[in-house]
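Presented below is the structure to which this report refers.
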Amino acid sequence: QELIRHFGLPLQSGSISKGKAEEAVMLERCIVGSFYLTGKEWEIFSTHFQEQPDEPLTQRLKGFEGESVEGHAVAIHSQTRNYWIIQNSWGTGFADRGHFRVSKDAMDIAFLDVWWTESDLKSRGYWKPAAALPAQHLDTSCHKLLLNVKHLGCLYPAVYLDDDGDRPAWVKSSDKFYNRDGDRLWSFEHISENKYRICSVRYGGPLYSARRPDGDGDRKAWVKSSDPAYNHHDDAVWRLEPLGAGRYRIVNVGN
């Protein structure tokens, strides 16, 4: 309602399937989710996030026959393979600073997509074609997650070291979306044009491609020990190719 009052434009909306909701969120669009719970289920819901604010709700809440239900609407802004990451309207004191995670199978959620049409925006002078930003304009002032689009898991360095003091890099299963210790956060150092050095925030070393391929001709990705001299090697330099909607292909320069 605040957006409608501010811009003077009616919002369009329509119900969408779970699959379409996942596609929208993958493209970094926020959608509305609504669900209904009984009084007993609301107690389970509230107690869970009071006691475990950082943990996803996995218990199936499917309603109790014959009991009255109360509805609620939320904003779904992110996801992993198994969980929705949701912003609530109850303030920052709820769960994880106003956000919570819930298993995609825990509740019967109805999904609503909301949008303005291009013609509506053009009629008020709010729309113009967006020029694609070159990769060198990537904001390097903040740490980032590297999220695999297909598998919805974050790239992270292993805790264990090999004999050289390096750590293999893996795509995390979707049991957790982030870690406050920063083991899934990466910093970006702009080198030239669309080339970057990507370093683990927790361990300090750069992400690099192994020099020796495996039997399939592929090369493993590792996080180097924090030897600064190694940072000048091309196998620790990556080219970012923008694909649109906040997505990039990361290509190793050295290999």
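Note that the CZ atom of R97 and the CD atom of Q87 stand 11.5 Å from one another [nearest 0.5 Å]. Summarising the geometry, atom CG belonging to L240 is positioned 5.5 Å from atom CD1 belonging to I198; distances are rounded to the nearest 0.5 Å. Once rounded to the nearest 0.5 Å, the distance linking OG1 of T38 with CD of E70 reads 10.5 Å. Rounding to the nearest 0.5 angstrom, the gap separating the CG atom in L61 from the CD atom in Q59 is 5.5 Å. Taking CG of D105 as the start and NZ of K18 as the end, the distance is 4.5 Å to the nearest 0.5 Å. In this structure, K220 NZ and D162 CG are separated by 10.0 Å, a value rounded to the nearest 0.5 Å.
Taking each heavy atom of W222 and P168 in turn, the nearest pair found is CE3-N, 3.2 Å. A pairwise comparison of heavy atoms in A210 and R219 identifies O-CD, 3.2 Å as the closest pair. The two atoms that bring I31 and A24 nearest to each other are CG2-CB, 3.9 Å, heavy atoms only. Taking all atoms of both residues into account, the shortest heavy-atom contact from A236 to R197 is O-CG, 3.8 Å. Of all the heavy atoms in L207 and A221, the pair that sits closest is CD1-CB, 4.2 Å.
Note on W115: it does not cluster hydrophobically with V74, by side-chain heavy-atom contacts below 4.5 Å among ILVMFWY residues. Note on V223 and L161: separate hydrophobic clusters, where clusters join Ile, Leu, Val, Met, Phe, Trp and Tyr whose side-chain heavy atoms are under 4.5 Å apart, directly or indirectly. Under the 4.5 Å side-chain heavy-atom criterion for ILVMFWY residues, no single connected hydrophobic cluster contains both L112 and L37. V32 and I76 fall into different hydrophobic clusters, where Ile, Leu, Val, Met, Phe, Trp and Tyr are joined by side-chain heavy atoms under 4.5 Å apart, directly or via other members. Cluster annotation: Y248 and W186 are assigned to the same hydrophobic cluster (Ile/Leu/Val/Met/Phe/Trp/Tyr, side-chain heavy-atom contacts under 4.5 Å, transitive).
C199 is not listed as a side-chain neighbour of F188, based on a closest heavy-atom distance of 4.5 Å or more. Side-chain contact check for M107 versus V102: some heavy-atom pair is nearer than 4.5 Å. Y36 places none of its side-chain heavy atoms less than 4.5 Å from the side chain of I109. Annotation: side chain of N148 is not in contact with side chain of L155 (no heavy-atom distance under 4.5 Å). The side-chain heavy atoms of Q12 and V114, taken from C-beta on, include no pair separated by under 4.5 Å. You'll find the side chain of S89 reaches within 4.5 Å of the side chain of H72, heavy atoms only. Taking the side chain as every heavy atom from C-beta outward, D235 and N252 approach each other to under 4.5 Å.
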Report task. Dump the intermediate steps for side-chain contact (heavy atoms from CB on, under 4.5 Å) on I250 and L146, then the final yes or no. Result -> CA-CA 10 Å; I250 302 176; L146 293 176; 3.9 Å; yes
Requested in this report: Using the side-chain contact (heavy atoms from CB on, under 4.5 Å) rule, take E241 and V251 through it: C-alpha gap first, then chi angles, then the decisive distance, then the call.
Outcome: CA-CA 8 Å; E241 299 178 353; V251 181; 3.7 Å; yes
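Looking only at distances, no side-chain donor or acceptor of Q79 sits under 3.5 Å from a matching main-chain atom of I85.
The pair R29-D113 meets the salt-bridge criterion, since a charged nitrogen lies less than 4.0 angstrom from a carboxylate oxygen. We find that E22 and K20 are not joined by a salt bridge, their nearest charged nitrogen and carboxylate oxygen being 4.0 Å or further apart.
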What donor-acceptor contacts under 3.5 angstrom involve side-chain atoms of residues 43-51, with partners at least two apart or in another chain?
| from | atom 1 | to | atom 2 | distance (Å) |
| --- | --- | --- | --- | --- |
| S46 | OG | W42 | O | 3.0 |
| T47 | OG1 | E43 | O | 2.8 |
| H48 | NE2 | E55 | O | 3.0 |
| H48 | NE2 | P56 | O | 3.3 |

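Y203 carries R167 over the face of its six-membered ring, with the cationic atom under 6.0 Å from the centre and within 45° of the normal. For K104 and W84, the positive end sits near the middle of the six-membered ring, less than 6.0 Å away and at most 45° from its axis.
D166 meets the side chain to side chain donor-acceptor pair (under 3.5 Å) test with Y208, K224; sequence neighbours excluded. In this view, W238 satisfies the ring-ring contact (aromatic ring centres under 6.0 Å, His included) rule with no residue, not counting sequence neighbours.
Within a 6.0 Å radius of NZ in K144, other residues, nucleotides and ligands contribute more than 12 heavy atoms. Heavy atoms of other residues, nucleotides or ligands lying less than 6.0 angstrom from CZ of R249 number 12 at most.
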